[in-house]
Number of protein chains: 2
Amino acid sequence: MKLGQATIKDIARELNVSSSTVSRALKDYPGISDETKRRVKELADKLNYRPNAVALSLRKSKSFTIGVIIPEVVHFFFSTVISGIEEVAFSNGYNVILCQTNERLDREKSSIDTMLSNQIDGLLVSFSKETTEFDHFSKLMDLDFPIVFFDRLPEIPNAVNVTVNDFEGAYQAVKHLLEQGYKRIVHLAGPSNLAISKKRKEGYLKALAEAGIEADESLIIECPGGNEKESFDVTKQLFENEKNRPDAIFAHHDIVAAGAMMALKSLDLRIPEDVGLVGYSNWQFSSMIDPPLSTVSQPGFKIGETAITMLLEMIDKKRDYKSEPVQVVLDTELLVRKSSVRI
Amino acid sequence: MKLGQATIKDIARELNVSSSTVSRALKDYPGISDETKRRVKELADKLNYRPNAVALSLRKSKSFTIGVIIPEVVHFFFSTVISGIEEVAFSNGYNVILCQTNERLDREKSSIDTMLSNQIDGLLVSFSKETTEFDHFSKLMDLDFPIVFFDRLPEIPNAVNVTVNDFEGAYQAVKHLLEQGYKRIVHLAGPSNLAISKKRKEGYLKALAEAGIEADESLIIECPGGNEKESFDVTKQLFENEKNRPDAIFAHHDIVAAGAMMALKSLDLRIPEDVGLVGYSNWQFSSMIDPPLSTVSQPGFKIGETAITMLLEMIDKKRDYKSEPVQVVLDTELLVRKSSVRI
DNA sequence: TTGTATGCGTTATCAC
DNA sequence: GTGATAACGCATACAA
């Protein structure tokens, strides 16, 4: 702070009343004369009085601030989630403190520490790729501190969380490819330590199994980096050899799909005629590339909205999430575009 | 807050010393016996003591929190800026409170109010498209409240700000198109009330003038919405008629360029052979579309870094920005890709 | 209808 | 070396 902000005391002094009177007048407490109220409010207005939220936090042991831990802000999906969080927070009078971990565990831990120092009322978390043990979260949960996880699921019993149905999303995507007549479908998978990656892989496997196709482990390739270059290289190598060449790709991520698409083009393979392609996440660019990329859309904004709504309920103790833990699973939507339609 | 956090008082009570002693011991003040220090620190550790930043804020009239006002989080450029801000803030022990205005003035004003209530130490602002008067900012600046504007420049004398050289960026882009032999260059411009839009238009005009080409007002079309659909429609109409058809487009924004690209394709015009295309901002998708889009890249991360670094200097009064106002202008970079290269 | 006293957690000032 | 006290801004239990 910096501004010579007027306080309740200033108003009280000027009006020759006590600070309690001013405090009560400002909040329309019963038992204050209309005349006093009028004078107080008038002066408050004139002095541009603004309650000091910090003092209030201290007094009430409540800060109306929630912390958000996110791996990377520069990520279409996450920025959408943040947007949803911010909307609901704002309209409920809450502030949002944002920390990005850059996928690092130490950042995650120290960010949480700072936020706790700042007396946040609750925490929304999508933890880092490095996070494999969850003590720093479960300790807090044991103390009844409100936490809602989103997108990435911790291995903590009864953790309240919001995710999308990754299994179903992947299943639908691969089923769609099969219906289009593709047979040898590659899966460019995510880092195997993330639950979302596992779920997507399982969905892929289920669709194959249902179609009576035996899964070929050599067609499941991990692309943990999630950048174009990585999947470009992987794809190029995989499709170079004409013999027994795959005819479709299900990528765990649109960026990965984009890299694959470039690799296919560099090999003069046509999409969707020669190779079908489906991504994941519906990044903003996906509809703009050529051919437009089929993808599984995750409701990022809604994830954010849902997560913070639940968090606020926990904070206000409107619902007892302790006795009735909640796992919300939101539906994905398969967006069929040109890259996977050949019939 | 929520956790039954240990306070200095708790430690004092348990150790039968006064809170002042504990406070001093924890901060290695001189004049405290090593023995006491040891005992205090040990217990603090055991109780997982964490200083209450809210109490500190109140005491010190300083919150180590800065506010960020941004039009939209879901915007590649802005998310990059936020990322830069967050990095520097974190490493300097500052928190970031984020508010998005959704390009609305009322949101902007009320967000600032809440943030001020929360005793932020300073403000980073990219104001909304609706903002045409700047009293709500200049009032604060008159009171010496630290504000740094970025990307969008307010009409306030001596406002400290960080922008990119939009004039030069646009100039380079159009010059490049001219060098490639394009002659009738359309400018899909941004909202005319934003300084950045004006600058880009001026750069466009200068490049034309230098090449001895007279500007044709009918080739400058405003696309204030900045979405694909808008520019798709505009472009389609503009290029439908073969007679006197333009042969290049300089869009104020990659999304706008993407819409234009789709329109050109729908008219079976080839890029870059028939029509050259350059965008602005280097969105993540720009390198992945077909053909890859030439664009003017803005150093978003660096803008964020620079803006907050200056803000922290203002807060710490390391430099007197009042007597020596600063306008930092960062360079853009023209990324030449396929969409604009025909020779 | 209004005022007084106290405390939220911390630290600066003065005292011993 | 250490302790008591006051203050940051506000709300509230208790008095009057």
Side-chain angles (χ1 to χ4, degrees), chain A residues 1-41 43-44 47-65 93 114 116-121, chain B residues 1-41 43-44 47-65 93 114 116-121:
Chain A
M1 105 136 162
K2 193 108 203 304
L3 319 158
Q5 265 298 331
T7 72
I8 280 189
K9 278 188 189 172
D10 297 325
I11 300 179
R13 198 177 319 117
E14 189 138 342
L15 256 38
N16 271 318
V17 295
S18 74
S19 357
S20 18
T21 302
V22 175
S23 171
R24 289 185 276 234
L26 286 172
K27 340 197 69 174
D28 277 327
Y29 261 52
I32 298 284
S33 73
D34 288 351
E35 171 61 7
T36 310
K37 279 188 192 169
R38 196 189 49 72
R39 291 174 60 218
V40 166
K41 289 184 175 173
L43 184 57
L47 296 182
N48 194 18
Y49 169 77
R50 197 184 280 117
N52 182 325
V54 168
L56 278 170
S57 295
L58 187 57
R59 181 72 230 274
K60 303 231 174 186
S61 296
K62 170 146 171 71
S63 63
F64 284 96
T65 299
T114 328
L116 289 177
S117 273
N118 281 277
Q119 313 301 109
I120 49 168
D121 295 329
Chain B
M1 103 136 165
K2 194 110 202 301
L3 319 159
Q5 264 298 333
T7 72
I8 280 190
K9 279 188 188 172
D10 297 325
I11 300 179
R13 198 178 318 117
E14 189 138 341
L15 256 39
N16 270 319
V17 293
S18 73
S19 348
S20 351
T21 301
V22 175
S23 172
R24 287 186 277 234
L26 286 172
K27 336 196 72 171
D28 278 326
Y29 262 52
I32 298 283
S33 74
D34 288 350
E35 171 61 8
T36 310
K37 278 189 193 169
R38 198 189 49 71
R39 290 174 60 217
V40 167
K41 288 185 177 173
L43 185 57
L47 296 182
N48 192 19
Y49 169 76
R50 197 184 279 117
N52 183 327
V54 168
L56 276 171
S57 295
L58 186 58
R59 183 74 231 272
K60 304 229 174 185
S61 296
K62 169 144 172 74
S63 63
F64 284 95
T65 299
T114 328
L116 289 178
S117 274
N118 280 276
Q119 312 301 109
I120 50 168
D121 295 330

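Residue numbering restarts at 1 for every chain, and letters A, B, ... go by the order of the sequence lines.
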* Structure fact -> Side-chain contact check for A:R59: nearest option of C:dT10, C:dC8, C:dG3 is C:dC8
* Ignoring the backbone of A:K60, work out which of C:dT10, D:dT12, D:dT2 is nearest its side chain. => D:dT12
* Which part of the nucleic acid does A:T36 contact within heavy-atom distance under 4.0 Å: base, sugar-phosphate only, or nothing? -> sugar-phosphate
* Might you work through the side chain to side chain contact (heavy atoms under 4.5 Å, CB included) test for B:D28 and B:K41, ending with a clear yes or no? => CA-CA 10 Å; B:D28 278 326; B:K41 288 185 177 173; 2.8 Å; yes
* Rounding to a whole Å, what distance do you find between B:N52:CG and C:dT10:P? -> 6 Å
* Asked: So which nucleotide from C:dT2, C:dG9, C:dT11 ends up closest to the side chain of A:I32?
  -> C:dT2
* Structure fact -> A:R50 CZ to D:dC10 P, in whole Å, measures 12 Å
* Position toward the 5' end of DNA chain D (nearest nucleotide), A:A55 or B:K37 -> B:K37
* SB check B:K60 B:D121 (cutoff 4.0 Å) -> no
* Considering all heavy atoms, the nearest A:S117-B:P51 contact -> OG-O, 3.3 Å
* Where do B:S63 and B:Q119 come nearest, in terms of heavy atoms and distance? -> OG-O, 2.6 Å
* Could you check how far CG of A:N118 sits from C1' of C:dG9, rounded to whole Å? => 14 Å
* Between P of C:dG7 and CD1 of B:I8, the distance in whole Å -> 18 Å
* Asked: Just checking B:N16: base, sugar-phosphate only, or nothing, at a heavy-atom cut-off of under 4.0 Å?
  -> sugar-phosphate
* Asked: Out of D:dC10, D:dG3, C:dT10, which has the shortest distance to the side chain of A:T7?
  -> D:dC10
* Protein-nucleotide distance (B:Q5, atom CD; C:dG9, atom P), rounded to Å -> 10 Å
* **Rounded interatomic separation in angstrom, taking CG from B:L58 and P from D:dA7** => 14 Å
* To do: Examine distances only and state if a side-chain atom of A:N52 and a backbone atom of A:V54 form a donor-acceptor pair shorter than 3.5 Å.
  => yes
* Is there a residue in residues 21-31 of chain B whose heavy atoms reach under 4.0 Å of DNA chain C, and which residues are they? -> B:S23, B:R24, B:K27, B:Y29
* Asked: With a non-hydrogen cut-off below 4.0 angstrom, is B:V17 in contact with a base, only sugar-phosphate, or nothing?
  -> sugar-phosphate
* Hey, does A:S19 reach any base, or is it just sugar-phosphate, or nothing, if we go heavy atoms under 4.0 Å? -> nothing
* Nearest-neighbour nucleotide for the A:S20 side chain, C:dG9, D:dT12, D:dC10 considered -> D:dT12
* How long is the gap from OG on A:S20 to CZ on A:R24, to the nearest 0.5 Å? -> 4.5 Å
* **4.5 Å side-chain heavy-atom contact, B:T21 and B:T36** => yes
* To do: Would you please confirm or rule out a distance under 4.0 Å between OP1 or OP2 of D:dA7 and any side-chain N or O of A:K9?
  => no
* Asked: Whole-Å distance between D:dT12 P and A:L56 CG?
  -> 9 Å
* List the steps, then state whether side chain to side chain contact (heavy atoms under 4.5 Å, CB included) holds for A:L43 with A:Y49. => CA-CA 8 Å; A:L43 184 57; A:Y49 169 77; over 6 Å; no
* Structure fact -> Whole-Å distance, B:L15 CG to D:dG1 C1', equals 15 Å
